[in-house]
Amino acid sequence: MCGIVGYVGALNATQRILSGLQRLEYRGYDSAGIAIHNNDCIQICRDVGKLSNLKSRIRDYPIYGNLGIGHTRWATHGEPSEHNAHPHVSMHGDFVVVHNGIVENYLDLRNQLQTDGVIFQSETDTEVIVQLIEKFAQEDTKRDITESTRLAVQKIKGAHAIVVMSRHQPDTLIAVRIGNAGGVTIGLGENENYIASDISAIVEHTRNMIFLQSHQIATITATHYTVQTIDAKPVTPEIRHIDWNPVSVAKGEYRHFMLKEIYEQPQSITNSISGRIDFETQQVNLPDLNLTASDAKQLERMITVACGTSYYSGLVGKFYIEKFARLNVEVDYGSEYRYRDPILNNKSAVLAITQSGETVDTLSAMEEARDKGATLWSIVNNIGSQAMHISDGHITMNAGPEIGVASTKAFTTSLVDQLLLSLYLGQLRGTLSTKQRTQAIHDIAKLPDLIGKALDQNDAILELAHELYHAKNFLYIGRGINYPIALEGALKLKEISYIHAEGYPAGEMKHGPIALIDEQLPVLAIAPKDSLYEKMISQIEQAKARGGIVIAVATEGDQIIEEKADYVIYVPKSPALLNPIVNVISLQLLAYHIAVLRGADVDQPRNLAKSVTVE
């Protein structure tokens with residue numbers, strides 16, 4: 001994940017920032033940079049690759065100052081390169097920015113700024129932010145860095161974490177959080193203050209933290225800070241004291257790792273997109289798949305093998321790959337695949353999905369596929385794992401460490417990876433039209449923000465959990481591409497709350513499960529406004545007619561469903577293919593809150609392990 005560190009105080013900012021960035025290396029990145037205020041100018045040093053490369057350059061050409069910001073970057077817009085690395089500086093050198101997130105409307109803003117005479121130095125979406133800030137500052141010389149930043153961020157779309165410094169205010173840093181693109185933490189010290197995207201970067205210097213909330217902007221000096229909303233309304237933030245122990249530090253502001261990982265999904269999805277989509281040329285590239293157009297066109301079928309949550313991910317991926325790559329896809333349990341004589345040849349591709357890359361059943365299925373001459377791919381989170389090692393090509397989830405046993409962010413990143421795979425295969429096979437590809441990439445750019453908006457429903461979902469946590473059974477239903485999400489939602493609930501839950505295709509409800517429905521059974525229906533909406537309404541009515549307690553996951557603004565269901569969890573309106581990724585967030589939160597209310601061990605549920613390395 002992209003990392004941010006900022007410092008203002010009396011000490012050398014360079015060393016404080018570099019040491020903080022080093023503690024964020026585990027998040028993954030492809031370039032790094034630092035900006036330091038020094039004698040009325042801002043010195044910037046950036047480099048591609050590991051942080052050690054940047055440190056080496058700074059050793060050769062030292063930078064000193066008491067104010068600065070640093071960043072580790074996963075490329076989204078623009079290839080990994082020195083000129084695309086953060087921090088980014090405005091055209092006249094007055095402002096510098098580091099940023100996590102995707103500026104959804106960056107092309108429109110870039111074109112507008114270029115029309116106004118702004119010259120860009122990078123291909124990134126981030127640079128439009130710093131150019132906007134300078135533009136607003138130049139329009140009115142009375143505007144300070146806070147006001148110019150506040151006006152600029154109102155122009156950008158998406159979820160963001162942003163830190164800004166100005167050549168003309170050598171004692172001030174600005175931090176902004178919009179949505180859930182990643183955390184923004186302010187560390188309060190003695191005559192020094194810090195900003196970081198994760199408390200692990202700064203906790204050795206201070207344990208007193210402010211966690212900036214969405215749509216808040218903070219102005220920070222060495223001895224003072226103020227927080228206000230983006231609309232300039234004053235805020236009195238809560239100061240939290242973080243206990244000094246590794247587990248507490250890793251959890252940060254969250255009670256459990258699972259909740260932290262649920263909230264990390266806008267950033268983990270951004271990381272999984274990073275470097276794989278060129279938003280200007282509208283192309284997808286997966287170089288680690290090691291696939292040529294000729295090889296892709298020769299494929300006749302694909303088999304996805306996986307276990308548990310990853311199996312349900314594969315069921316969603318089947319929709320993506322068949323739609324865009326026009327390749328027949330079968331999805332099979334890794335634990336069962338090798339116990340029959342599967343039909344495979346050199347025109348077959350086998351895709352293994354495994355968070356750990358060490359799941360023995362999935363590895364055994366992969367070995368079976370290799371023995372039969374199939375092309376072997378893997379989607380993994382654990383870099384260097386066995387699944388990656390034995391594959392012909394791979395896609396890394398880039399989700400970052402997932403500590404909670406019940407998978408959350410590895411599930412959603414694997415969905416994104418399969419969507420990217422479907423587009424990439426479609427490009428190579430010639431089955432994907434330019435219009436389809438452009439629309440899909442346009443939609444994917446919105447995904448981190450959509451996830452952030454789904455997370456905004458947390459309080460309402462907690463309230464609902466209080467109504468439901470005494471239930472002994474649940475039925476989850478969905479249709480089409482959302483049927484696998486019903487399966488995944490039921491799995492999450494049973495994994496961490498120990499409530500029996502069953503996922504079922506809604507159209508099959510009358511072929512058995514309808515016999516279970518009575519006034520004691522909660523029925524969770526995934527019913528976004530898509531092509532199957534009317535059919536889901538019919539299923540909801542059938543459940544209500546038999547006394548069931550109906551909870552609907554529905555599109556924001558849907559008033560009809562309020563008349564049909566007992567409870568409604570609203571999700572933001574999303575493109576149909578993104579619905580599964582957005583909808584599952586609510587189900588993760590519901591399972592989490594029900595489990596907490598029941599006193600269950602959320603992070604380490606009984607009888608389960610993170611990596612299943614025995615059969």
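What you see is a predicted model; the values in this text were computed from it and never measured. The basis for the numbers below is simple: all heavy atoms, side chains too, and nothing from hydrogens, waters or symmetry mates.
Residue Met302 comes nearest to Trp377 through the heavy atom pair SD-CZ3, 4.0 Å, listed as atom of the first residue, atom of the second, then distance. Heavy-atom minimum distance, Gln418 versus Ser313: NE2-OG, 2.7 Å. Of all heavy-atom pairs between Tyr320 and Leu415, the closest is CE1-O, 3.7 Å. Here the closest heavy-atom approach between residue Val380 and residue Gly357 is recorded as CG1-CA, 4.2 Å. Across all non-hydrogen atoms, the minimal contact from Leu450 to Lys573 is CD2-O, 3.7 Å. Of all the heavy atoms in Ile269 and Pro448, the pair that sits closest is CG2-CG, 4.5 Å.
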Exercise. Take Tyr469 and His593, measure what side chain to side chain donor-acceptor pair (under 3.5 Å) needs, and give me the verdict at the end.
Key: CA-CA 8 Å; Tyr469 77 98; His593 288 304; over 6 Å; no
Quiz item: Run the side chain to side chain donor-acceptor pair (under 3.5 Å) check on Ser414 and Asp417 step by step: do they pass?
Solution: CA-CA 5 Å; Ser414 69; Asp417 291 336; over 6 Å; no
Exercise. Determine, step by step, whether Leu286 and Arg276 satisfy the side-chain contact (heavy atoms from CB on, under 4.5 Å) criterion, reporting the C-alpha distance in whole Å, the side-chain angles of both residues, the deciding distance to 0.1 Å, and the verdict.
Key: CA-CA 6 Å; Leu286 300 175; Arg276 293 167 175 165; 3.8 Å; yes
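In this structure, a donor-acceptor pair under 3.5 Å is present between the side chains of His500 and Asn473. Counted by atom type alone, Asp278 and Gln282 present zero donor-acceptor pairs between their side chains at under 3.5 Å. Judged by distance alone, the side chains of Asp558 and Tyr533 do bring a donor and an acceptor atom under 3.5 Å apart. With 3.5 Å as the limit, one finds a donor-acceptor pair spanning the side chains of Ser378 and Ser391. A donor-acceptor pair shorter than 3.5 Å can be found between the side chains of Thr396 and Asn398. Looking only at atom types and distance, the side chain of Asp295 has a donor-acceptor partner in the side chain of Thr292 under 3.5 Å away. Looking only at atom types and distance, the side chain of Thr375 has no donor-acceptor partner in the side chain of Asp392 under 3.5 Å away. Side chain to side chain, Asn84 and Glu123 meet the donor-acceptor criterion of an N or O pair below 3.5 Å.
From Asn382, atom CG reaches atom CD of Glu402 across 11.5 Å, with rounding to the nearest 0.5 Å. A distance of 5.0 Å separates CD1 in Ile569 from CG in Leu590, rounded to the nearest 0.5 Å. One distance of note links CE of Met536 with CG of Asn482; it measures 8.5 Å at 0.5 Å rounding. Distance check, rounded to the nearest 0.5 Å: NE2 of His394 to CG of Leu376 gives 12.5 Å. From Ile379, atom CD1 reaches atom CD of Gln355 across 13.0 Å, with rounding to the nearest 0.5 Å. Annotation: the span from Arg326 atom CZ to Leu425 atom CG amounts to 13.0 Å, rounded to 0.5 Å.
A donor-acceptor pair under 3.5 Å is formed between the side chain of Asn105 and the backbone N or O of Lys157. Between the Thr309 side chain and the Phe411 main chain, no donor and acceptor come within less than 3.5 Å of each other. Using a distance-only test at 3.5 Å, with no hydrogens or angles considered, a donor-acceptor pair links the side chain of Glu322 to the main chain of Val329. One N or O on the side chain of Ser497 and one on the backbone of Ile499 form a donor-acceptor pair closer than 3.5 Å.
Between Tyr333 and Tyr311, the ring-plane angle classifies as parallel under the 30° and 60° cut-offs.
Residue Lys372 qualifies as enclosed at atom NZ: its count of foreign heavy atoms under 6.0 Å is above 12. Around the NZ atom of Lys318, the shell of radius 6.0 Å holds more than 12 heavy atoms that belong to other residues, nucleotides or ligands.
With sequence neighbours excluded, the residues that form a side chain to side chain contact (heavy atoms under 4.5 Å, CB included) with Gln604 are Asp601.
One finds no salt bridge joining Arg338 and Glu368 here, because no Lys/Arg side-chain nitrogen approaches an Asp/Glu carboxylate oxygen to under 4.0 Å. Salt-bridge check for Arg340 with Asp332: passed, with a basic side-chain N closer than 4.0 Å to an acidic carboxylate O.
Taking the ring axis of Tyr263 as reference, the NZ or CZ atom of Lys409 does not stay both within 45° of it and closer than 6.0 Å to the ring centre.
Sorted by first and then second residue, the salt bridge (Lys or Arg N to Asp or Glu O under 4.0 Å) pairs involving residues 486-495 (not counting sequence neighbours) are Glu488-Lys492, Lys492-Glu495.
Looking at heavy atoms from C-beta onward, Asp125 lies in side-chain contact with Ile102 at the 4.5 angstrom threshold. With contacts defined as side-chain heavy-atom distances shorter than 4.5 Å, the pair Ile514/Gln542 qualifies. Contact check for Ile581 versus Gln265: no side-chain heavy atoms found under the 4.5 Å cut-off.
Aromatic pair Phe279/His442: centroids not less than 6.0 angstrom apart. Taking the centre of each ring, Tyr504 and Tyr476 stay at or above the 6.0 Å mark.
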